[in-house]
Amino acid sequence: MPRQQVLNFKYALPEVDIWAVAACLYNMLPGCFPRNFTGDPFVAVLQNEPTPIRQRDATIMQPLVQVIDLALVDQPEIHFKSAAEFKRALLNAL
């Protein structure tokens, strides 16, 4: 879950769903969550940055690593604003 959804869930924009898709892709590749969770999960979302995926699995192709890590940027805002933009970036990485 991106910070924007925790802080302002009532007014979250569709870009939070794109962040969630990137988080799912992240989880499917190395089998880990993007953030390290200890204690309260909401505090973890607010205080922990996503761990770069290469730190979890060094065998993932660098172009894909760059897209996933970029898609999980949520400060100061979520990077990808549309699913089409994220799809283009993924296709260009493959």
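Hydrogens, waters and symmetry mates are skipped; everything else that's a heavy atom, side chains included, is used.
Under the side-chain contact (heavy atoms from CB on, under 4.5 Å) criterion, Lys81 pairs with Glu15, Glu77, Glu85, not counting sequence neighbours. Qualifying salt bridge (charged side-chain N to carboxylate O under 4.0 Å, His left out) partners for Arg3, counting only residues two or more places apart in sequence or in other chains: Glu49, Asp74. Gln62 meets the side chain to side chain donor-acceptor pair (under 3.5 Å) test with Arg54; sequence neighbours excluded. Residues that satisfy the side chain to side chain donor-acceptor pair (under 3.5 Å) test with Asp57, not counting sequence neighbours, are Thr59. When the salt bridge (charged side-chain N to carboxylate O under 4.0 Å, His left out) test is applied to Asp69, no partner is found at least two apart in sequence or on another chain. With sequence neighbours excluded, the residues forming a side-chain contact (heavy atoms from CB on, under 4.5 Å) with Asn8 are Tyr11, listed by chain and number.
The hydrophobic cluster around Phe86 extends to Val16, Ile18, Trp19, Val21, Leu25, Tyr26, Met28, Leu29, Ile53, Ile60, Met61, Leu64, Val65, Val67, Ile68, Leu70, Leu72, Val73, Ile78, Phe80, Leu90, Leu94, counting ILVMFWY residues whose side-chain heavy atoms fall within less than 4.5 Å of a member. The hydrophobic cluster containing Phe37, built from Ile/Leu/Val/Met/Phe/Trp/Tyr side-chain heavy atoms closer than 4.5 Å, also comprises Met1, Val6, Leu7, Phe33, Phe42, Val45, Leu46.
Rounding to the nearest 0.5 Å places OG of Ser82 at 12.5 Å from CG of Asp17. Here CG of Leu13 is found 10.5 Å from CD of Gln5. Values are rounded to the nearest 0.5 Å. The line from SG of Cys32 to CD of Gln55 is 11.5 Å long, rounded to the nearest 0.5 Å.
For residues 58-67, there are no salt bridge (Lys or Arg N to Asp or Glu O under 4.0 Å) pairs, not counting sequence neighbours. Residues in residues 49-70 take part in no ring pair (Phe, Tyr, Trp, His ring centres under 6.0 Å) pair, two or more places apart or across chains.
The nearest pair of heavy atoms linking Gln4 to Pro76 is NE2-O, 3.9 Å.
Arg56 places no side-chain N or O within 3.5 Å of a backbone atom of Pro30 that could act as its donor or acceptor partner.
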